[in-house]
Amino acid sequence: MLNNKTVAVVIPAYNEQSQIAYVIESMPDFVDKIIVVNDCSNDNTAEVVKKYIKDDKLLVLSSNKNLSKGKFNRAERALQIVRNKQKKEFTPYEIINENPENNRVILINHLENGKVGASIATGYLWCRDHNIDCTAVMAGDGQMDPAELESICTPIVNDEVDYVKGNRLIHKSAYLIIPQIRFLGNSILSMLTKIASGYWRISDTQTGYTAISHKALDALQLHKIYPDYGVPNDILVKLNIAYCTIKEVEIKPIYNIGEKSKMKIHKVIPKLSALLLYLFAYRLWKKYFFRDFHPLFLLYHLSFLLLLLNIPILLRIIHDLIFGRDLTYQILFAFTIIGVLGFQSLIFAMWMDILDNERLHK
């Protein structure tokens, strides 16, 4: 425990037989539960983890109990019924432990490959249902320093924020350690995620070293977490919609320690860019139209409309220039006015977005 709060670490693992033992053995003593989610590994990852399962009896947790039928518990009972139905939408899994509540190391095997986001969702589900106060996520490949876990979890257990994420880009060695192509890709995705998520002051959005409070876990629809490498971006957007507070903690970049990256940068960036475009639209409609109407919703959409209307005019101007035709005053005036109004609306919308979300940064 940390500050009298329960702490669990979710470890998504796929073919990590060479690294997973080190991750488990180096876990700090204050971690109460280590939940390894084995995502249909083709190697001996599961067998390695099984060796660490024993009856620790360090902390016995109880899962959520059925609510009484009192008239004041109707809303909670309805939510419980819905969540029980939603469990069918998670990647099918089985818990290997005979008495997981009594064990420190818990092994959950996916029955089909769900990818990293699905593994995190499965681990989150277990922690939410067992009322864990602080749930951290660490990779199974040893790329995250366990010594930094306390600084990641402390803001959560002290009730300062709802979500904490590590940031490797602000470490003074970032330019020296992180491969250049990854640094560039991370920077591009971080910039796009700022816009999509509404957390304008964050960076290194692709890091998986995070911690989340039980309150924030309760606010997320865990069965809808994006299953692939876009999971950190997806979670940030959904946390923003739920008005969850966030904090970044400096962590060191760690590479070339035996891990084998399964991510292909040239495939990931286009795919995540499309995902972030969708998430941006989802956030605007969900948060600023249906949940709490805000003028920035109108300004964003006005800017999109004006800039789209200006595209045919721009094509007309390019066409006339190519074929040596004279540009009319009306065409140039329309292009200038619509363009200025479009960019002005976009800038005002972004400015209002920044101001509205400033309160969520700690």
Side-chain angles (χ1 to χ4, degrees), residues 7-16 19-20 23-24 27 31 33-41 45-46 49 83 86-87 89-95 100 105-130 132-144 149 152-153 156 162-166 189 193 197 204-240 242 244 246 251 259 261-263 268 271-272 275 279:
V7 177
V9 175
V10 173
I11 305 175
Y14 177 70
N15 293 344
E16 302 292 359
Q19 301 290 98
I20 194 68
V23 176
I24 295 173
M27 201 65 65
V31 176
K33 299 290 179 180
I34 303 171
I35 299 100
V36 180
V37 183
N38 174 40
D39 194 31
C40 276
S41 296
T45 297
V49 176
R83 284 183 170 175
Q86 289 172 349
K87 289 183 179 180
E89 300 183 40
F90 287 82
T91 301
Y93 65 87
E94 62 176 353
I95 300 175
V105 177
I106 298 167
L107 175 60
I108 301 177
N109 279 340
H110 273 175
L111 302 181
E112 58 187 52
N113 185 263
K115 299 185 179 180
V116 62
S119 299
I120 292 173
T122 299
Y124 274 173
L125 175 66
W126 194 93
C127 293
R128 186 196 69 188
D129 288 351
H130 289 80
I132 298 294
D133 296 310
C134 174
T135 301
V137 174
M138 293 180 65
D141 59 6
Q143 268 194 293
M144 298 168 183
L149 184 60
I152 294 280
C153 293
I156 299 293
D162 301 310
Y163 191 70
V164 178
K165 58 179 291 297
L189 291 174
T193 305
S197 70
D204 192 14
T205 55
Q206 303 316 113
T207 182
Y209 208 171
T210 64
I212 189 170
S213 68
H214 185 268
K215 171 191 169 186
L217 269 187
D218 218 31
L220 294 177
Q221 290 185 300
L222 300 181
H223 65 293
K224 290 187 176 181
I225 287 179
Y226 188 71
D228 212 339
Y229 282 109
V231 59
N233 316 81
D234 180 65
I235 288 176
L236 283 170
V237 171
K238 289 171 180 174
L239 288 172
N240 184 273
C244 292
I246 188 172
I251 59 173
E259 81 283 354
S261 176
K262 306 170 186 70
M263 181 171 62
V268 167
K271 186 176 181 180
L272 289 192
L275 172 66
L279 290 174

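No hydrogens, no waters, no symmetry mates; every other heavy atom, side chains included, goes into these values. What you see is a predicted model; the values in this text were computed from it and never measured.
- A 4.5 Å side-chain heavy-atom check between Ile156 and Asp133 finds every atom pair outside the cut-off.
- How far OH of Tyr93 is from CG of Asn109: 12.5 Å, rounded to the nearest 0.5 Å.
- Considering every non-hydrogen atom in both Ile225 and Gly117, the closest pair reads CG2-O, 4.0 Å.
- Checked by atom type and distance alone, the side chain of Tyr209 never pairs as donor or acceptor with a backbone atom of Ala136 at under 3.5 Å.
- Counting heavy atoms from C-beta on, the side chains of Ile235 and Tyr226 never come closer than 4.5 Å.
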Working for side chain to side chain contact (heavy atoms under 4.5 Å, CB included), residues Val9 and Met144: CA-CA 12 Å; Val9 175; Met144 298 168 183; over 6 Å; no

- prompt: How far apart are the C-alpha atoms of Ile212 and Leu220, what are their side-chain angles, what is the distance that settles it, and do they pass the side chain to side chain contact (heavy atoms under 4.5 Å, CB included) test?
  reply: CA-CA 11 Å; Ile212 189 170; Leu220 294 177; 3.9 Å; yes

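- The closest donor-acceptor contact from the side chain of Thr210 to the backbone of Lys165 lies at 3.5 Å or more, if one exists at all.
- Residues Lys215 and Asp162 meet the side-chain proximity criterion, which asks for heavy atoms closer than 4.5 Å.
- Closest of all the heavy-atom pairs between Ser119 and Val10 is O-CG1, 4.4 Å.
- Heavy-atom minimum distance, Cys127 versus Thr135: CB-OG1, 3.3 Å.
- A side-chain N or O of Asn233 and one of Thr193 form a donor-acceptor pair less than 3.5 Å apart.
- For the pairing with Leu279, the side-chain contact (heavy atoms from CB on, under 4.5 Å) check across Asp234, Leu236, Asn240 returns one residue only, Asp234.
- With a 4.5 Å cut-off on side-chain heavy atoms, Gln206 and Pro232 count as touching.
- Between the side chain of Lys33 and the backbone N or O of Ile132 there is no donor-acceptor pair closer than 3.5 Å.
- To the nearest 0.5 Å, the span separating NE2 on His223 from CZ on Arg83 amounts to 10.5 Å.
- For the pair Ile35 and Val37, the minimum side-chain heavy-atom distance is below 4.5 Å.
- Taking the side chain as every heavy atom from C-beta outward, Ile95 and Trp126 approach each other to under 4.5 Å.
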- request: Tell me, with the steps shown, if Asn38 and Val49 meet side chain to side chain contact (heavy atoms under 4.5 Å, CB included).
  value: CA-CA 9 Å; Asn38 174 40; Val49 176; over 6 Å; no

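- For the residue pair Ile20 and Ile11, the shortest heavy atom distance occurs at CD1-CG2, 3.8 Å.
- Residues Thr207 and Ile251 form a side-chain contact, since some pair of their non-hydrogen atoms from C-beta on lies under 4.5 Å apart.
- His214 places no side-chain N or O within 3.5 Å of a backbone atom of Cys134 that could act as its donor or acceptor partner.
- The two residues Tyr14 and Cys40 come nearest to each other via the heavy atoms CE1-O, 3.5 Å.
- In this structure a side-chain-to-backbone donor-acceptor pair under 3.5 Å is present from Asp39 to Lys115.
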- prompt: Going through the distances and angles, do Ile246 and Leu239 end up as a side chain to side chain contact (heavy atoms under 4.5 Å, CB included)?
  reply: CA-CA 9 Å; Ile246 188 172; Leu239 288 172; 5.8 Å; no

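- Between Val36 and Glu16 there is no side-chain heavy-atom pair separated by less than 4.5 Å.
- Of all heavy-atom pairs spanning Gly114 and Thr91, the tightest one is CA-OG1, 3.9 Å.
- To the nearest 0.5 Å, atom NZ of residue Lys87 and atom OG1 of residue Thr122 are 11.5 Å apart.
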